[in-house]
Amino acid sequence: MICTHFSEKEFSNIDVNTCIAIIEYGATPKIGANIIQNIFYLFVQIEISDKSNYAEIWNSSKKIFFERTTDMMISNNGVDFFIGFSIDCQNLDMEKTSRAIYDQIFTVTNRLNLNIVRIWNMIPNIIARKGDGESYKKFCYGRAQSFAQHKAIYPAATGVGIGGKHVCVYLIATTNKQVVSLENPRQTPAYKYPSKYGMKPPSFARATYCRHQLSRSILFVSGTASIIGSETVHVDDVANQTTTTLDNIALLTSPNNLKNYGITEKFDAKTLDFIKVYVKRRADLSTVMNICQNFFKSKNILFMVNDLCRSNLLVEIEGFICSS
Ligand code: 3EB
């Protein structure tokens, strides 16, 4: 399976026959309406740094199967599966909604014996309300209940704010059995965060390793922020939040950490690719861009402007790395 990122002017290059998933990011959909075939297409309302639209396109050389229920769409090539939801949640309880989404996910992954390798949780008005009524806290509560009920393994994930009224959850799962969840030695596992951050902690791991015997293995790095232990560090200092985030990714992917999981292949943090950088304040974009463009070898970096899941977080960075 191959991931390619397309800018807006290249949208016409999409080959619907080989496409296993399209995720479009932007203020309003530009390609969604044109796609009539049964295809896995999700629109995520999020502002791109240059105010364009951007599509993440995943291709497969194998035949693609597509199905849809009321809430859920599934696309697969027999090995790799995309499962996606886009639900208008403006009149729904976020705890019940996330619970229902994850219950449906685990029903499918358990039935088909799939391992989840990567989940994106894109939540409208993520921190608009304060206290226990905050959407992110309620989302975490429902999600944690579902993980517990299904005794599910925590995979790599992202949890960020988006515009509009649709909560979007999408994931990659695989029939590959060689999947390992990783933690960062200087970060508390998110699923053990203390209750001051919410009634139930977030359900995710810092990375997922996916071993491939014939091609290169992949490390999916979660949305990573300036958190040490469970505390946000460098409050109100975007440059230091960015470098701390990069340090977190470097430590997570270091040989020393990977050997704790029996992984001997090398993953270089500087070769992180298909990078997404979520920046809370537009005014901080140039600072974050400079630091990231100096650090990463890939120029394949998408910068977005949106709320994050804690009011004091200014930046979150994710991507994936192929073994070298
Ligand atoms: C953190 O480390 C930052 O709720 O699924 C990162 C990745 C974060 C995923 C999620 C939240 C999530 O806690 C926030």
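Just so you know, ligand 1 is whichever comes first in the structure, and atom 1 is the first atom listed for that ligand. Because only heavy atoms are used, hydrogens play no part in the values below, and waters and symmetry mates are left out as well, while side chains stay in.
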Inset, instruction - State if F139 counts as touching ligand 1 under the rule of any non-hydrogen atom under 4.0 Å. - result: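 F139 does not count as a contact of ligand 1 under the 4.0 Å cut-off.
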
Look at [X] together with [Y] and state whether they make a salt bridge at an N to O cut-off of under 4.0 Å.
X    : Y    : value
E316 : K276 : no
R118 : E318 : yes
D284 : K280 : no
K297 : D268 : yes
E231 : K196 : yes

What atoms in ligand 1 come closer than 4.0 Å to a heavy atom of [X]?
X    : result
F204 : 1 (C), 2 (O), 5 (O), 6 (C), 7 (C), 8 (C), 9 (C), 10 (C), 11 (C), 12 (C), 13 (O)
A157 : 5 (O), 7 (C), 9 (C)
R206 : 1 (C), 2 (O)
I227 : 1 (C), 2 (O), 3 (C), 13 (O)
N121 : 5 (O)

With heavy atoms only and a cut-off of under 4.0 Å, state how [X] meets ligand 1: side chain, backbone, both or neither.
X    : answer
I119 : neither
P202 : side chain
E316 : side chain

What is the closest protein heavy atom to [atom], and at what distance does it sit?
atom                    : value
atom 5 (O) of ligand 1  : R143 NH1, 2.7 Å
atom 14 (C) of ligand 1 : C309 SG, 3.2 Å
atom 6 (C) of ligand 1  : G223 O, 3.1 Å

Legend entry - Test ring pair (Phe, Tyr, Trp, His ring centres under 6.0 Å) applied to F147 and Y141, Y102, Y191, F204, the passing residue: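 Of the listed residues Y141, Y102, Y191, F204, the ring pair (Phe, Tyr, Trp, His ring centres under 6.0 Å) partner of F147 is Y102.
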
Legend entry - Heavy-atom nearest neighbour of atom 13 (O) of ligand 1 within options Y278, Y193, Y136: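 Looking at heavy atoms only, Y193 sits closest to atom 13 (O) of ligand 1.
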
